[in-house]
2 protein chains.
Amino acid sequence: MAALQKSIDKRNALINATIELVNNDGFHATPMSKIAKMACVSPATIYLYFENKQDLVNKTYIEVKTSYTAYAFATYNETMSVEEGFEVIWKRIAEFKLKESANAMFLAQCDNTPMIDEESRQEGIKHLQPLLDLWARGKKEGIIKPLSDYMLYAYSINPLSFLMITQIRGSVKMDKEELEQAYQAAWSSIKVCE
Amino acid sequence: MAALQKSIDKRNALINATIELVNNDGFHATPMSKIAKMACVSPATIYLYFENKQDLVNKTYIEVKTSYTAYAFATYNETMSVEEGFEVIWKRIAEFKLKESANAMFLAQCDNTPMIDEESRQEGIKHLQPLLDLWARGKKEGIIKPLSDYMLYAYSINPLSFLMITQIRGSVKMDKEELEQAYQAAWSSIKVCE
DNA sequence: TAAAAAAGAATGAACGTTCATTTTCTATAT
DNA sequence: ATATAGAAAATGAACGTTCATTCTTTTTTA
């Protein structure tokens with residue numbers, strides 16, 4: 001009973017303020033006082049909802065990542081063919097970046113800086129299970145080349161850059177040989193020209 | 001004479017320390033004192049080489065971006081066909097991300113956060129002129145679809161994600177209609193499957 | 001020896017977090 | 001229905017620390 005009297009609206013206001021301010025100024029350049037002001041709350045109140053600043057941004061990350069994957073997988077289901085599955089997910093990701101651009105920008109910042117705890121990154125990855133399953137199915141069916149799963153995490157961030165990416169922050173690693181192989185595969189599959 | 005007695009080695013040490021520390025901790029979480037220590041220099045000495053912290057990171061960005069574009073265009077020349085030009089540049093960018101991964105990671109952070117001044121971003125873009133020219137040539141020859149130049153900046157960061165990207169920090173903008181058109185074009189040109 | 005370069009200590013502002021207090025809510029007794 | 005007591009929630013001010021930058025002094029250079 002006790003813990004749940006805290007207002008969900010206030011929590012949401014804090015999360016939204018965090019997204020907007022971090023997008024504009026970056027994590028370390030947004031003071032708690034500013035987040036509080038934008039959420040119409042006292043600085044001290046933040047600590048009733050979150051342990052500290054790091055916890056606030058971690059939780060915000062997980063929340064946005066969760067909504068991202070929910071959006072990405074909304075029109076997908078497991079009975080689809082591998083090709084159709086990737087196509088459907090691709091289109092939803094594009095739509096998310098188009099329609100939820102503030103959220104997308106926030107994720108881009110989180111995914112390219114050291115601002116999120118490794119633990120929370122891992123937590124975010126967990127929501128990608130449907131994509132991992134699709135990937136595995138594609139490999140089983142011989143439709144997808146036998147590349148590292150590392151590529152898949154890159155795909156989940158950006159379905160095209162996954163062919164190009166070299167760095168993903170955190171513990172997901174790929175060795176240079178795999179990367180080189182991937183680059184070669186990648187070139188043959190793109191066309192910048194008609 | 002005066003200004004040039006300052007050691008270029010010391011300046012380089014400061015730039016390199018900035019790259020490494022910002023990669024690990026982020027811009028605002030790397031104190032000047034730490035940069036100084038890693039460069040084996042007094043904090044006060046940094047201010048003989050750079051105006052302030054912002055100037056240090058701006059200059060570092062421009063330096064890395066310059067080396068990036070130099071690398072990307074090293075094997076390209078204007079007598080090549082449009083197709084060959086893009087292929088050659090693509091391969092060099094891949095190589096850069098592979099071999100200069102610390103520099104690539106630093107750029108990714110700069111390109112996805114508000115840590116660099118708008119003015120310095122623009123300065124970085126200037127080095128992309130050869131790519132802009134190639135792009136224009138491709139459109140003139142009718143080889144490249146009539147898409148926004150905005151796409152090209154995305155390409156220069158990541159030749160594949162340019163088909164997917166929605167956000168580039170700074171003043172380069174693309175309207176939603178253009179983006180949507182681009183996404184549709186993009187899907188038909190990629191294959192995640194063999 | 002004089003001027004530039006470098007150093008380390010000092011300064012003042014900004015920030016995350018906590019503390020002491022007030023306000024709001026809710027459950028019960030009248 | 002209303003009043004009230006106790007607890008939870010919220011607050012604003014205060015604390016202690018950290019950090020960018022500057023100041024004064026020392027070292028290096030030519």
Side-chain angles (χ1 to χ4, degrees), chain A residues 1-61 109-110 113-117 119-120, chain B residues 1-61 109-110 113-117 119-120:
Chain A
M1 208 100 328
L4 291 181
Q5 290 181 292
K6 280 183 262 178
S7 146
I8 190 69
D9 288 344
K10 226 163 257 183
R11 203 191 116 103
N12 285 339
L14 286 167
I15 298 257
N16 290 332
T18 302
I19 293 168
E20 179 169 344
L21 290 169
V22 168
N23 271 350
N24 281 332
D25 303 335
F27 172 50
H28 280 103
T30 51
M32 294 295 260
S33 57
K34 218 169 164 185
I35 296 173
K37 192 166 284 175
M38 179 171 276
C40 299
V41 138
S42 158
T45 303
I46 302 180
Y47 294 85
L48 299 174
Y49 292 83
F50 302 95
E51 280 173 48
N52 50 40
K53 195 182 180 187
Q54 185 63 54
D55 183 50
L56 166 61
V57 74
N58 285 342
K59 296 264 167 68
T60 303
Y61 173 70
Q109 194 166 168
C110 292
T113 68
M115 91 193 207
I116 301 295
D117 275 355
E119 191 187 331
S120 299
Chain B
M1 209 100 325
L4 290 181
Q5 291 182 291
K6 283 181 261 177
S7 145
I8 190 70
D9 288 345
K10 226 164 255 183
R11 203 190 116 104
N12 285 340
L14 285 167
I15 298 260
N16 291 333
T18 301
I19 293 168
E20 178 169 344
L21 290 170
V22 168
N23 272 348
N24 281 333
D25 303 335
F27 172 50
H28 282 104
T30 52
M32 294 295 259
S33 57
K34 218 168 165 187
I35 295 173
K37 191 166 284 175
M38 180 171 275
C40 299
V41 136
S42 159
T45 303
I46 301 180
Y47 293 85
L48 299 174
Y49 292 83
F50 303 95
E51 281 173 46
N52 50 40
K53 195 183 179 187
Q54 186 63 55
D55 182 52
L56 166 60
V57 75
N58 285 342
K59 296 263 167 67
T60 304
Y61 172 70
Q109 194 167 169
C110 293
T113 68
M115 92 193 208
I116 301 295
D117 276 354
E119 192 188 330
S120 298

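Because only heavy atoms are used, hydrogens play no part in the values below, and waters and symmetry mates are left out as well, while side chains stay in. Numbers restart at 1 for each chain; the letters A, B, ... are given by sequence-line order, proteins then strands.
- Nucleotide C:dA7 holds its P atom 13 Å from the NZ atom of B:Lys37, rounded to whole Å.
- A 4.5 Å side-chain heavy-atom check between A:Ile15 and A:Phe50 finds at least one atom pair inside the cut-off.
- Note that the CZ atom of B:Arg11 and the CD1 atom of B:Ile46 stand 12.5 Å from one another [nearest 0.5 Å].
- Across the protein-nucleic acid pair, A:Ile46 atom CD1 and D:dA9 atom P stand 16 Å apart, rounded to whole Å.
- For the helix from C:dT1-D:dA30 to C:dT30-D:dA1, the end axes, each set by the C1' atoms of five terminal pairs, are bent relative to each other by 10° (nearest 10°).
- Side chain of A:Asp117 to backbone of A:Asn58: no donor-acceptor contact under 3.5 angstrom is found.
- Remark: the backbone N or O of A:Leu56 is not paired with any side-chain donor or acceptor of A:Tyr49 at under 3.5 angstrom.
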Distance-only criterion, 3.5 Å: show the donor-acceptor pairs between side-chain atoms of residues 26-44 of chain A and protein atoms not counting sequence neighbours.
unit_1  : atom_1 : unit_2  : atom_2 : d
A:Thr30 : OG1    : A:Gly26 : O      : 3.4
A:Thr30 : OG1    : A:Phe27 : O      : 2.8
A:Lys34 : NZ     : A:Asp25 : OD2    : 3.0
A:Ser42 : OG     : A:Ala44 : N      : 3.2

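- Across all strands, A:Lys34 comes closer than 4.0 Å to no nucleic acid atom at all (heavy-atom distances).
- Spacing between atom NZ of B:Lys10 and atom C1' of C:dA6 amounts to 7 Å, rounded to whole angstrom units.
- Counting all heavy atoms, side chain and backbone alike, B:Pro114 lies closest to A:Asn23 at CG-O, 3.6 Å.
- Whole-Å rounding puts the B:Asp9 CG to C:dA6 P distance at 11 Å.
- Nearest approach of A:Tyr61 to A:Ser120, heavy atoms of both residues: CE2-O, 3.6 Å.
- The interatomic distance linking B:Leu14 (CG) with C:dA5 (P) rounds to 15 Å, in whole Å.
- Remark: side-chain polar atoms of A:Asn52 are paired, donor with acceptor, to backbone N or O of A:Gln54 under 3.5 angstrom.
- Of the listed nucleotides (C:dG8, D:dA10, C:dA6), C:dA6 has the atom at the smallest distance from the side chain of B:Leu48.
- The nearest whole Å value for the distance from the OH atom in A:Tyr49 to the P atom in D:dA9 is 8 Å.
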(Q) Does the protein touch nucleotides 12-22 of chain C at the base, only the backbone, or not at all? Give it as B, S and - per nucleotide, heavy atoms under 4.0 Å. (A) ---SSBBB---

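- Inter-residue side-chain proximity for B:Met115 and B:Val22 is flagged as met; some heavy-atom pair is nearer than 4.5 Å.
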